[in-house]
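Report on the following structure.
Predicted model only: the values in this text are computed from it and were never measured.
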Amino acid sequence: MPTCKHCKNQWTWKQSMKASWKMSSSMRCPYCLSDQYATAKSRRRTMILNWVVLLPLPLSTLMDLSLTSSLLMMVGLFASALLLIPKFLELSNEHEVFW
């Protein structure tokens with residue numbers, strides 16, 4: 001789980017999920033209320049994880065899978081991604097460029 005770089009408190013899974021779904025780039029620490037930012041490394045990991053959810057689409061055409069099995073794989077991958085996003089989240093005091 002991510003740890004605030006300012007107060008060194010570890011966030012819970014629920015706090016991490018809530019902060020990661022915000023549209024702004026900054027996330028407010030629930031303990032010290034300082035602004036925290038996702039590191040570029042953790043944003044790249046999350047982006048790759050999001051693309052993995054779509055992996056059954058080309059595989060279904062290549063392997064001639066049914067629509068139902070493709071959707072079930074996508075739902076399973078989406079659930080796995082939701083569980084892993086807080087594990088991949090790393091925080092920084094400053095906003096980093098993506099690349």
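How far CG of Leu49 is from CZ of Arg44: 15.0 Å, rounded to the nearest 0.5 Å. The OG1 atom of Thr39 lies 8.0 Å from the CG atom of Leu91; values are rounded to the nearest 0.5 Å. The line from CE of Met1 to CD of Glu90 is 12.5 Å long, rounded to the nearest 0.5 Å. With rounding to the nearest 0.5 angstrom, the CG atom of Leu89 is 10.0 Å from the CD atom of Gln36.
Hydrophobic clustering keeps Leu65 apart from Val52 (ILVMFWY residues linked when any side-chain heavy atoms are closer than 4.5 Å, directly or through intermediates). Note on Met27: it clusters hydrophobically with Tyr31, by side-chain heavy-atom contacts below 4.5 Å among ILVMFWY residues. Hydrophobic clustering, with ILVMFWY side chains joined whenever heavy atoms are under 4.5 angstrom apart, keeps Leu62 apart from Leu57.
Taking the side chain as every heavy atom from C-beta outward, Ser34 and Cys4 approach each other to under 4.5 Å. Here the side chains of Trp11 and Lys18 are not in contact, with every heavy-atom distance at 4.5 Å or above.
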Listing, residues 73-88 side-chain donor-acceptor contacts under 3.5 Å, not counting sequence neighbours, or none:
{"from": "Ser80", "atom 1": "OG", "to": "Gly76", "atom 2": "O", "distance (Å)": "3.0"}

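Partners of His6 under the ring pair (Phe, Tyr, Trp, His ring centres under 6.0 Å) rule, at least two apart in sequence or in another chain, do not exist in this structure. Residues forming a side-chain hydrogen bond (donor to acceptor under 3.5 Å, both in side chains) with Thr68 (at least two apart in sequence, or on another chain): none.
Contact detail for Asn93 and Lys5: the closest heavy-atom pair is OD1-CB, 3.4 Å.
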